[in-house]
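Single-structure report; data block below.
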Number of protein chains: 2
Amino acid sequence: MPSDLGHALLGLLARRPSTGYELARRMQRPVGFFWTAGHSQVYPELARLEDDGLVEHDEVPGRGPLPTKRYRPTAAGLDALRTWVVADLAPQPVRDLEVLRLWSLWVVEPEAAAGLVERVRAGHAERLAAYEADLASLAGDPAALEPDSPAFASRLTLEGGRLTRRAALEWCDLMLAELRRPR
Amino acid sequence: MPSDLGHALLGLLARRPSTGYELARRMQRPVGFFWTAGHSQVYPELARLEDDGLVEHDEVPGRGPLPTKRYRPTAAGLDALRTWVVADLAPQPVRDLEVLRLWSLWVVEPEAAAGLVERVRAGHAERLAAYEADLASLAGDPAALEPDSPAFASRLTLEGGRLTRRAALEWCDLMLAELRRPR
DNA sequence: TTCGGCATGTAACGGGTTACATGATTGA
DNA sequence: TCAATCATGTAACCCGTTACATGCCGAA
């Protein structure tokens with residue numbers, strides 16, 4: 001049974017066959033919005049998936065010094081993906097370095113703290129803009145309304161990003177108001 | 001210069017001197033809401049911080065087979081914490097296994113997908129309840145209004161958790177509505 | 001001609017999780 | 001008496017990041 005990364009790659013390949021290089025780029029965006037991997041992770045994982053009979057490849061003309069391989073999921077690979085998607089999921093530990101810092105912001109002067117919050121806010125605003133751009137490009141696609149279409153799932157995840165980033169902006173504004181309240 | 005974990009420990013010790021064991025427990029909650037660490041990480045990291053002169057300890061009576069050590073930050077440790085809190089922060093890659101699954105939810109039947117979303121929703125609801133419980137216990141504390149008090153920073157981070165989890169619940173409800181819309 | 005993109009892989013390192021190891025005290 | 005809690009540490013393993021290594025093609 002593959003790792004989380006393996007399932008991430010199966011999810012990408014279920015949408016569209018790709019080379020390792022393409023998968024590594026697709027892991028930056030849009031999948032990189034919630035999961036990332038470099039190419040040095042992708043190539044060994046593809047080999048493992050192939051050993052397990054979950055993906056297969058053919059060689060296509062390419063521009064690298066080594067043969068260019070295009071991968072696609074096998075029937076067993078799609079089964080594994082379907083099983084994993086709805087499998088029991090242990091509560092995920094959260095790991096958020098920004099919040100970790102904000103938790104200690106009482107040790108610095110309010111003005112310095114406000115500066116930090118401004119920068120955090122800018123990061124959320126940037127991410128929100130990216131989500132909305134991707135959502136806009138899906139807006140005209142009728143497939144985005146069909147639950148068995150990849151565009152549908154893409155739309156829902158982007159919608160989630162939008163809602164949570166908006167909440168984060170609201171939170172930053174709340175912090176700024178408190179930090180700058182005259183005293 | 002210490003790792004992120006080291007700064008997390010300094011942040012805890014700045015609030016209250018503790019033994020390694022206590023730090024490991026405090027890393028489960030409330031700090032565990034956004035950063036976690038097991039005791040097997042804590043003990044070596046404390047030794048490193050002490051080598052760097054950022055924390056110091058004295059031995060107190062305890063119940064373990066080895067001497068019980070109570071740690072507190074040194075002046076240099078508090079300086080390091082202050083510097084780190086407002087230091088430049090690279091945009092953080094997000095790693096969210098739940099969203100990764102939802103991104104592939106188009107491969108399963110809508111009813112099964114809705115079941116997954118229900119479970120995700122329950123997790124958010126549970127976390128939200130924890131935030132609100134902690135917020136309630138801070139409600140009467142006048143220190144929670146003073147920007148140089150730990151309670152102030154605790155309140156703001158909990159407020160952030162509340163806002164983002166509420167947004168997540170809203171999102172889950174949106175997904176459920178779409179998955180169950182008659183077709 | 002030089003830089004960026006295509007294209008594949010390996011190796012070293014660091015951090016996190018899980019398991020191993022020990023042992024006293026307190027409460028059910 | 002048995003389990004949980006206090007209390008400290010080490011070791012093995014897995015995963016992710018960064019760096020190493022190679023080399024062609026097209027555009028500026």
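Note: hydrogens, waters and symmetry copies are ignored here, and every other heavy atom, side chains too, is used. Below, chains carry the letters A, B, ... as their sequence lines are ordered, and counting in each starts from 1.
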Begin from the C-alpha positions of E45(A) and R48(A) and carry the test salt bridge (Lys or Arg N to Asp or Glu O under 4.0 Å) through to its verdict.
-> CA-CA 5 Å; E45(A) 186 64 33; R48(A) 254 169 270 143; 2.5 Å; yes
For salt bridge (Lys or Arg N to Asp or Glu O under 4.0 Å), just list the numbers for R180(B) and E111(B), CA-CA rounded to whole Å, side-chain angles, deciding distance to a tenth of an Å, and then say yes or no.
-> CA-CA 8 Å; R180(B) 286 170 172 161; E111(B) 312 96 75; over 6 Å; no
Gap between atoms [atom1] and [atom2], on [X] and [N] respectively (whole Å):
{"X": "Q92(A)", "N": "dG16(C)", "atom1": "CD", "atom2": "P", "result": "16 Å"}
{"X": "K69(B)", "N": "dA7(D)", "atom1": "NZ", "atom2": "C1'", "result": "11 Å"}
{"X": "L5(B)", "N": "dG16(C)", "atom1": "CG", "atom2": "C1'", "result": "10 Å"}
{"X": "L23(B)", "N": "dT8(D)", "atom1": "CG", "atom2": "C1'", "result": "13 Å"}
{"X": "D58(A)", "N": "dA7(C)", "atom1": "CG", "atom2": "P", "result": "14 Å"}
{"X": "R95(B)", "N": "dC14(D)", "atom1": "CZ", "atom2": "P", "result": "17 Å"}
{"X": "R48(B)", "N": "dT10(D)", "atom1": "CZ", "atom2": "P", "result": "11 Å"}
{"X": "Q41(A)", "N": "dT18(D)", "atom1": "CD", "atom2": "P", "result": "11 Å"}

Given axes from five pairs at either end, by how many degrees does the helix from dT1(C)-dA28(D) to dA28(C)-dT1(D) bend, rounded to 10°?
->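 Between the axes fitted at each end of the helix from dT1(C)-dA28(D) to dA28(C)-dT1(D) lies an angle of 30°.
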For R25(B) and S40(A), take the nucleotide of DNA chain D holding the closest heavy atom to each; which residue's nucleotide lies nearer the 5' end?
->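 In this pair, the answer is R25(B).
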If each of P93(B) and R70(B) is mapped to the nucleotide of DNA chain D with the nearest heavy atom, which maps nearer the 5' terminus, i.e. the 5' end?
->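 Upstream on the strand: R70(B).
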Determine whether the side chains of S154(A) and R15(A) contain a donor N or O and an acceptor N or O closer than 3.5 Å.
-> yes
Within-4.5 Å side-chain heavy-atom neighbours: W106(B) and S149(A) | no
Side-chain heavy-atom pair K69(A), L46(A) within 4.5 angstrom cut-off =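 No, too far: nothing below the 4.5 Å cut-off.
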Look at the aromatic rings of H57(B) and Y71(B) and report parallel, tilted or perpendicular, splitting at 30° and 60°.
-> tilted
Checking dA19(D), dA19(C), dC15(D) against the side chain of H39(B) (C-beta onward), the nearest is dA19(C)
Options dG9(D), dG16(D), dA7(C), nucleotide nearest the side-chain atoms of T68(A) | dA7(C)
Any Y21(A) side-chain nitrogen or oxygen under 4.0 Å from OP1 or OP2 of dT8(C) =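 So the side chain of Y21(A) is outside the cut-off, no N or O lying under 4.0 Å from OP1 or OP2 of dT8(C).
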Is it possible for you to say whether L169(A) and V117(A) belong to one hydrophobic cluster, with membership spreading through side-chain heavy-atom contacts below 4.5 Å?
-> no
